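What follows is a single structure, written as structure tokens, with notes after it.
All values derive from a computational prediction rather than experimental measurement. The first residue in the sequence is number 1, and the count goes up from there.
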Amino acid sequence: MVTRIISITNQKGGVGKTTTSINLSAGLAARGRRVLLIDMDPQSNSTINFQIDPEDSIPTMYEKLVEDNDINWKKIIRETGIQNLHIAPSSLNLAAADYFLLNKKDKSILLERLIREIRDSYDYILIDCPPSLGILTVNSLYASTEVIIPTQLTYFAFEGLKQLLKIIEMTKKDLGNSKLRISGIIPTFYNKRTKMTRKIINDIIDKFGEKNILTPIPKNTSLDEAASEHKTINSFRRNASGAKAYEKLTEEIIGQEKQNGKK
Ligand SMILES: Nc1ncnc2c1ncn2[C@@H]1O[C@H](COP(=O)(O)OP(=O)(O)OP(=O)(O)O)[C@@H](O)[C@H]1O
Ligand SMILES: [Mg+2]
């Protein structure tokens with residue numbers, strides 16, 4: 001059984017990476033999968049969502065990744081209050097990772113090595129990436145077997161996808177993670193009625209192929225309200241359109257397990 005390690009990534013901010021990381025993780029855990037969510041974003045939104053104070057919960061991913069002192073994962077990984085779902089918290093200090101890792105040999109492949117120590121304990125490891133293409137994102141991509149890209153359907157967002165694709169290709173070719181594949185693009189804040197939505201969807205299909213477009217997540221203020229209450233959408237309002245969309249997305253991701261030769 002091969003662990004699926006999935007970066008939830010997009011260098012654009014506010015496209016739903018964290019909302020997807022949280023609700024997909026929780027959905028997979030509810031279906032009996034053993035899930036670890038790694039928060040690689042210095043903003044620590046996933047960490048905060050699970051009621052962990054990123055300024056008062058050392059050690060975090062910062063100590064694990066940047067400080068060279070061999071901290072056991074057991075000290076980093078925490079319970080979330082949701083069965084089968086663990087989290088490796090972030091801290092604001094991670095913002096300095098680029099600076100501290102600049103001259104370090106193997107700076108792009110550190111996370112991959114660290115994840116090897118724990119991957120067998122999980123069916124899924126999801127990585128909530130920061131909105132940048134810096135060292136944290138490159139480490140996440142190199143450590144991953146798959147990438148999921150949430151994106152809004154705007155012109156600039158589509159241009160951003162092309163840049164992201166280049167970084168993914170670089171990770172595969174220059175760094176040598178040839179197993180990395182794009183498992184899909186999630187249209188977020190989705191409103192199928194606008195002309196622009198249809199245009200960008202067609203552009204994405206041309207560039208990435210139709211089968212790479214995953215369940216769209218509609219714009220739904222319940223998702224934002226759930227975040228403000230530090231809850232998953234299912235525990236906050238399970239009939240909300242956002243909850244139903246994330247349920248469907250979870251089923252879709254589970255449906256990919258067979259083609260991954262997992263179960
Ligand atoms: N489908 C949606 N409908 C309405 N609000 C949403 C939706 N998805 C996310 N939000 C809200 O939009 C904001 C941005 O979402 P989120 O934090 O998930 O994006 P992000 O890509 O992780 O942002 P960042 O790049 O800053 O890490 C949050 O306040 C979130 O609650
Ligand atoms: Mg985020």
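Applying the ring-ring contact (aromatic ring centres under 6.0 Å, His included) test to residues at least two apart or on different chains, the pairs with a partner in residues 78-103 are His86-Tyr122. Sorted by first and then second residue, the pairs that involve residues 189-199 and meet salt bridge (Lys or Arg N to Asp or Glu O under 4.0 Å), not counting sequence neighbours, are Lys199-Asp203.
Residues Thr194 and Thr197 bring a donor and an acceptor atom of their side chains to less than 3.5 Å of each other. Looking at Thr145 and Arg4, their side chains never bring a donor and an acceptor atom within 3.5 Å of each other. Side-chain atoms of Thr60 and Glu63 form a donor-acceptor pair, as typed in the model, at a separation below 3.5 Å. Glu257 and Tyr124 share a side-chain donor-acceptor pair at under 3.5 Å. Between Thr47 and Asp39, the side chains place a donor N or O and an acceptor N or O closer than 3.5 Å (distance only, hydrogens not considered). Checked by atom type, the side-chain pair Glu247/Asn234 shows a donor-acceptor distance below 3.5 Å. Using a 3.5 Å distance cut-off with no hydrogens or angles, the side chains of Glu252 and Thr215 do pair a donor with an acceptor.
Remark: the backbone N or O of Ile48 is not paired with any side-chain donor or acceptor of Asp53 at under 3.5 angstrom. Under a 3.5 Å cut-off, the side chain of Lys64 and the backbone N or O of Pro59 do not form any donor-acceptor pair. A donor-acceptor pair under 3.5 Å is formed between the side chain of Ser7 and the backbone N or O of Ser140.
In this structure, Leu36 CG and Ile77 CD1 are separated by 5.0 Å, a value rounded to the nearest 0.5 Å.
Residue Leu223 is tested with Ile233, Thr20, Ile22, Thr232 for a side-chain contact (heavy atoms from CB on, under 4.5 Å); the sole match is Ile233.
Salt-bridge annotation for Lys17 and Asp128: absent, with no side-chain N of the basic residue lying under 4.0 Å from a carboxylate O of the acidic one. Residues Arg119 and Glu112 are not paired through a salt bridge, judged by the lack of any N-O separation under 4.0 Å between the basic side chain and the carboxylate. Under 4.0 Å is where a charged nitrogen must lie from a carboxylate oxygen, and between Lys162 and Glu159 at least one such pair does. Ion pairing between a basic and an acidic side chain is recognised when a charged N comes within 4.0 Å of a carboxylate O; Glu225 and Lys231 show no such pairing.
With a 4.5 Å cut-off on side-chain heavy atoms, Tyr142 and Asn139 do not count as touching.
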